[in-house]
Each structure stands twice: as structure tokens, then as C-alpha cells.
Asks: 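My structure is below; once you've seen it, I'll send some questions.
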Amino acid sequence: MAFELEHDWQAHLATPRARVGERAKTHLLILLCVAWIFLGLVGHEPWKPDEAQTISIVKNMVQGQGLLVPIAAGQQSIEYPPLYYWSAAGSGKLLSGILPLHDAARLINSLWMTITLLMVGMLGRELWGVGIGRQITFIFIASIGLIASSHLLMPQVASLAGLSMGLYALALAKRRPLRAAALLGSGIGISFLATGVASALIVLITMALLPILFAQWRSKSFAIVAILSLMVASPWLLAWPWLLFNAEPGHFNSWWQSSLYGSGSINHPYILRTILWYAWPALPIAAWGAWRYRASLLTKPKMQLLLVFSAASFVIIGLMFERREIQILPLLLPLAVLAGGSVETLRRGAAGALDWFGLLLFGMMGSLIWLGWFAMLTGTPAKIAERMQFLAATQEAHLNILALAAALTVTIIWLFVVANSKRSNRGALTNWAVGMTMAWGLLMTLWLPWIDNARSYKNVFEDLSKAMPAEYSCINSYGIGMAQTALLDYYTDLVIQPQSAPASYNPACDLYLIQDDSRHVRLTPGDNWQLIWSGNRALDRRESFHLFVRRE
């Protein structure tokens with residue numbers, strides 16, 4: 001018999017409310033993303049190899065040079081289009097009065113990663129429903145390979161934003177075709193202007209293959225979305241190449257040829273090996289999701305979208321990009337989306353194992369980071385302090401109150417989350433995201449000065465600049481790597497003239513700079529050259545630099 005409860009105690013018979021409401025969960029996610037994005041963006045010099053070329057290009061653009069031709073010192077041709085460099089140069093010029101140029105430029109990553117995380121969350125909500133977008137964002141920022149790559153001066157950060165925009169637009173195409181077309185065209189354009197033709201091809205191939213392979217995508221509305229998106233993308237795709245062709249046809253031709261032929265190698269085995277750790281914890285959960293939904297992989301549009309985007313990314317990255325970890329970033333998008341939508345189907349034992357593994361991993365990492373910091377500061381335990389001094393290449397340990405406060409804050413937040421988290425499938429993802437943010441935050445607050453001291457070229461090249469004679473004509477060079485050449489330009493403005501062999505030189509030059517490798521015989525330009533300076537990074541036992549002057 002139907003009846004209604006109208007007593008005061010009716011609410012007590014209903015399903016208990018969650019301890020944290022939807023709005024509070026969203027606010028907590030936003031706070032976590034802000035901490036994740038900004039920790040590590042400032043406070044360190046450009047690091048080799050990833051940031052060297054970028055900071056050289058940004059420096060030139062800030063000075064009004066190379067706006068159409070983004071070429072670093074030591075490079076002969078354009079590697080990537082200029083969108084990311086433009087944005088970094090704009091940020092650098094705007095904030096250079098407050099921060100060093102490299103820190104000011106690196107802050108632009110906060111904009112690109114905000115776009116990426118927003119697109120990833122909205123993509124999850126579009127494909128899986130309300131609340132799942134948060135889980136996908138958690139698992140995305142917990143990815144081991146993303147955390148360091150997203151905090152470097154690299155065009156791939158902007159490209160990832162464009163690809164995430166394109167993937168979300170394809171998911172949105174059926175429900176909001178006009179909005180999807182605008183986002184899809186912009187995503188194609190951003191990815192193209194960030195890292196070139198190959199990135200744009202990932203979205204374009206996905207858009208083309210979906211209606212070819214699956215009947216659900218063969219609709220008039222999707223055709224309209226595709227056509228409109230190409231119209232939106234056309235200014236992004238045509239403006240810079242047209243300007244470059246008219247201003248610098250030689251550079252345009254070399255860039256276009258390299259874009260068409262790619263890296264010239266097949267890197268798919270490397271991708272498969274690297275992604276085994278790079279995509280944790282998304283990879284094992286996504287693998288389970290693929291098995292769990294195996295019957296609908298080829299029948300449901302959302303599975304078709306993720307499958308085709310993954311396949312297109314894998315093929316294009318393996319054929320057209322060089323063998324670098326940061327190039328694998330696009331594959332994190334479909335893996336995180338599939339993993340976030342599959343986490344609720346995990347068996348409780350598997351979710352518990354993943355949760356405990358994360359707690360142990362990040363707990364151990366946090367403890368070791370704090371122990372290393374304490375040992376450097378106090379000298380106790382002596383063995384750990386000695387090892388830390390070796391790794392940091394310094395015995396200096398200054399107490400930074402702001403860094404210590406930030407480190408304590410992220411540690412307390414992690415402890416609070418772990419202590420109050422319910423052991424559930426979703427709770428495991430939250431713990432991984434907060435744990436990753438905590439570990440990265442500790443590295444970027446407590447250990448950053450020592451990491452920077454070991455990796456930076458600033459001291460070496462500033463010492464070189466001081467050793468330069470007051471008057472000289474030009475500088476011969478041999479063996480100077482591309483990254484070192486770019487950083488030499490950034491720190492000293494010195495222009496070098498590379499030679500084909502250490503004994504060859506331009507007779508008009510009266511200085512000779514050689515980069516040496518301890519694994520080989522010591523290089524000298526000849527008896528008529530006198531060594532006036534030598535230097536190397538404090539922790540670098542192999543690479544050294546030697547400056548010679550011609551004898552009278």
C-alpha cells in the first residue's frame with residue numbers, strides 16, 4: 001500500500017548525506033589544482049635539455065627578434081611554431097620587473113595547464129556524468145609523467161591544452177554542435193601552432209576516422225561540426241605559415257619538410273616501454289576498464305572516441321615525434337578519461353591495493369624528502385647529510401621560512417586527507433592526486449635550491465663571462481651542445497662560431513671555447529692556443545668547458 005512519511009523524523013530514514021557536498025568537493029579540487037599548477041613554476045634556472053632552447057627563443061622575442069622565426073642560438077631551423085614562445089615571451093615581458101625572465105616566462109604554463117585541467121574535467125563529465133569529471137581530473141594530475149613535464153618551458157604544454165580541447169569538443173559534438181565546432185577548431189589550431197602539423201593531425205585523423213569506422217558518427221550534425229571547425233581552425237593553420245613563407249621562404253621550406261617527414265624513426269616500442277611507468281596510475285585502471293567494457297568498445301560512441309584518439313596518438317607520436325618522454329603526454333588524455341570512468345567498477349581488493357600502494361609510495365617519498373632536508377640543515381644523520389651534499393654539489397643549507405611553511409602546509413593537508421579518507425574506489429584516486437601534489441610540493445620547496453644548483457649552468461657561464469678578455473674579435477667553438485649553446489646565449493649573449501674539428505678554426509677569431517668529455521681524450525685546438533679558463537657544473541664529472549686565447 002502506498003503511503004508517505006510526513007513526520008519530523010522522515011529525513012532520518014533517507015540515505016545519509018555525504019560528509020562533503022558537491023560544491024565543497026569542487027572547491028577542494030580547485031584548491032588542489034591551484035597548488036599542483038603553481039608549485040615548481042618559479043625559483044629555478046632553465047634546465048637542460050628541456051628548457052634551454054625555449055628560454056633562448058623567449059629572450060630573443062622579448063628583445064623584439066625572431067617573432068616569426070622561433071630559432072634558438074645554435075639551431076639552424078625551426079623546430080616548433082611560435083604560439084607557446086609568443087605566450088611565454090608575453091608573460092616574461094609583463095612580469096620581468098618582478099621575476100627573472102625564465103620564471104616570468106614559465107608562469108604561462110599556469111594558463112595552459114588550467115585550460116587542460118578544465119577540458120579534462122568537462123570531458124569526463126560529458127562522457128561519464130556528473131561527479132566523474134572530478135575523478136578524471138584527480139587521476140590526470142596524479143600521473144607520474146605529467147607532473148614534471150607540465151612545469152617546464154616546453155611547447156608541448158600548450159599543445160596538450162589544444163589536444164584536450166579537441167577531444168572534449170568531439171565528445172560534445174552531438175549535444176552542442178556549435179560550441180563543439182568552435183572548441184574543435186580552436187583545439188586544432190592551438191595544437192598546430194604549439195608543436196606543428198603532427199599534433200594537429202591527431203585531432204584531424206580522429207575526426208576523420210570516427211564517421212568512417214562507426215555508423216553512430218555518420219550524421220549531418222557531425223558533418224556540420226567538422227566543416228565549421230575547419231573554418232574556425234583555418235586562421236590558426238594559415239596565418240603564421242603564410243607570413244613565414246613571405247618573410248623567410250628558406251626557413252618555411254625547411255620547417256615544412258621536417259614537419260612532413262617527422263623524426264625519421266619508428267618509436268612505438270619506446271612509447272610502450274615508457275608508458276608503463278609514465279601513465280601510472282591511469283594505465284592499470286584504464287586497462288581494467290578496457291577489459292570491463294570490452295563488449296562496448298566498438299559500439300558505444302564514447303568508447304569509440306577514446307579508442308580512435310588513443311590509436312591516432314600512438315601512431316602519430318611514434319612516427320613523427322622524436323624519442324622523448326614529454327611527447328607521450330597526449331596519450332595521458334584518453335587513458336585518464338577511461339580510468340576515471342572505470343574506477344567504480346574496480347573490485348574492492350584491487351582498489352584497496354592501489355590505495356595502499358599510493359599511501360606507502362608517497363608516505364615514503366615525503367619522509368625521505370623531509371629526512372634529506374633535515375640532514376642538510378643539521379648534519380644529522382651524518383651519512384645522509386654526506387650523501388645529500390654530494391647530490392646537491394654544495395654544503396650550503398639556508399632555512400627559507402616561506403618554503404618551509406609551504407612544505408608543512410602540503411604535508412599537513414596530505415596527512416589530513418589520508419586520515420579522513422574513506423577507503424573506497426574514488427578515495428584511492430583522491431589520495432593519489434593529493435599524494436603526488438604533496439611529494440612534488442616538497443621537492444619544489446625543500447629541495448629546489450639543491451636540485452637547481454646541480455642542474456643549472458648559470459654559475460659556469462657567468463664565470464666564463466667574467467674570464468672573457470676585455471677585447472676580442474670573435475670566438476671559435478667545438479663540441480658545444482645545442483642546449484649549452486642556447487644557455488650560453490641566455491646568460492652571456494656570447495656568439496660562438498662552431499668548427500668541424502678542434503684543430504680547425506677561423507683565423508680571424510682570437511678565442512676558442514671547447515666543451516670536453518672526460519670519457520675521451522682531452523681536446524685542445526693546438527700549441528698556439530693558451531688555456532685561460534676552465535669550468536664545469538659542480539655535480540658534472542664528465543662535461544667541462546675550456547677557453548683558450550691565441551698566443552702572440
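Throughout, numbering of the chain's residues begins at 1 and tracks the sequence.
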Asks: Passes side chain to side chain contact (heavy atoms under 4.5 Å, CB included), Asn431 versus Phe362? Steps please.
Replies: CA-CA 9 Å; Asn431 291 340; Phe362 296 118; over 6 Å; no

Asks: Can Asn60 and Tyr490 be counted as having a side-chain donor-acceptor contact under 3.5 angstrom?
Replies: no

Asks: Less than 6.0 Å separating the ring centroids of Trp370 and Trp447?
Replies: no

Asks: Regarding Arg551 and Asn528, do their side chains bring together a donor and an acceptor under 3.5 Å, going by distance alone?
Replies: no

Asks: Side chains of Trp86 and Met61, heavy atoms from C-beta outward: is any pair under 4.5 Å?
Replies: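 Answer yes - side chains close enough.
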
Asks: Using a 4.5 Å cut-off on heavy atoms from C-beta on, say whether the side chain of Leu146 contacts that of Met113.
Replies: yes

Asks: Go through His44 and Arg106 one step at a time and tell me if the side chain to side chain contact (heavy atoms under 4.5 Å, CB included) criterion holds.
Replies: CA-CA 10 Å; His44 67 85; Arg106 202 182 291 116; 3.3 Å; yes

Asks: Are side-chain N/O atoms of Ser159 and Ser191 paired as donor and acceptor at under 3.5 Å?
Replies: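 Short answer, no.
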
Asks: What's the shortest heavy-atom distance between Ser473 and Cys509, and which atoms?
Replies: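 Smallest interatomic distance, heavy atoms only, reads OG-CA, 3.5 Å.
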
Asks: Is any side-chain heavy atom of Ser150 closer than 4.5 Å to a side-chain heavy atom of Trp36?
Replies: yes

Asks: Is there side-chain contact between Arg387 and Met376, with at least one heavy-atom pair below 4.5 Å?
Replies: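 Answer no - side chains too far apart.
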
Asks: Any heavy-atom pair between the side chains of Tyr457 and Glu45 that's under 4.5 Å?
Replies: no

Asks: I'd like to know if the side chain of Ser544 pairs up with that of His546 as donor and acceptor (distance under 3.5 Å, no hydrogens or angles considered).
Replies: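 Their side chains do contain a donor-acceptor pair, which is all the 3.5 Å distance test asks for.
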
Asks: Is the distance between the ring centroids of Trp529 and Tyr505 under 6.0 Å?
Replies: yes

Asks: With no hydrogens and no angle check, just 3.5 Å: does a side-chain donor-acceptor pair link Asn476 and Gln497?
Replies: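 Checked: Asn476/Gln497 side chains show no N/O donor-acceptor pair below 3.5 Å.
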
Asks: Other residues, nucleotides and ligands only: do more than 12 of their heavy atoms fall within 6.0 Å of CD on Gln65?
Replies: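 More than 12 within 6.0 Å, yes.
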
Asks: Please confirm whether the ring centroid of Phe252 lies under 6.0 Å from the ring centroid of Phe245.
Replies: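 Judged by ring-centre distance (under 6.0 Å), Phe252 and Phe245 do meet the cut-off.
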
Asks: Do any side-chain atoms of residues 69-77 form donor-acceptor pairs under 3.5 angstrom with protein atoms, and if so which ones, sequence neighbours left out?
Replies:
unit_1	atom_1	unit_2	atom_2	d
Gln75	OE1	Ala72	N	2.9
Gln75	NE2	Glu79	OE1	3.3

Asks: Residues two or more places apart in sequence or in another chain: which of them pass disulfide (SG to SG under 2.5 Å) with Cys33?
Replies: none

Asks: Does a side-chain heavy-atom distance below 4.5 Å link Phe545 with Asp516?
Replies: no

Asks: Hey, are the side chains of Ile317 and Phe314 touching, using non-hydrogen atoms and a 4.5 Å cut-off?
Replies: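 No, their side chains stay 4.5 Å or more apart.
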
Asks: For Trp533, check ring pair (Phe, Tyr, Trp, His ring centres under 6.0 Å) against everything at least two apart and list the hits.
Replies: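 Once residues adjacent in sequence are excluded, Trp533 has no partner under the ring pair (Phe, Tyr, Trp, His ring centres under 6.0 Å) criterion.
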
Asks: Does either side chain, that of Thr437 or that of Trp414, offer a donor lying less than 3.5 Å from an acceptor on the other one?
Replies: no

Asks: Does the pair Gln156 and Tyr84 meet the rule for a side chain to side chain donor-acceptor pair (under 3.5 Å), with working shown?
Replies: CA-CA 8 Å; Gln156 286 80 2; Tyr84 179 79; over 6 Å; no

Asks: When the aromatic ring centroids of Trp277 and Trp280 are compared, is their separation below 6.0 Å?
Replies: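 Centroid separation for Trp277 and Trp280: 6.0 Å or greater.
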
Asks: Any heavy-atom pair between the side chains of Thr445 and Asn400 that's under 4.5 Å?
Replies: no

Asks: Which atom names give the shortest non-hydrogen contact between Leu152 and Asn109, and what distance separates them?
Replies: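 Between these two residues, the closest heavy atoms are O-ND2, 2.7 Å.
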
Asks: Hey, are Lys48 and Glu543 close enough for a salt bridge, meaning a charged N less than 4.0 Å from a carboxylate O?
Replies: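 Salt bridge present between Lys48 and Glu543.
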
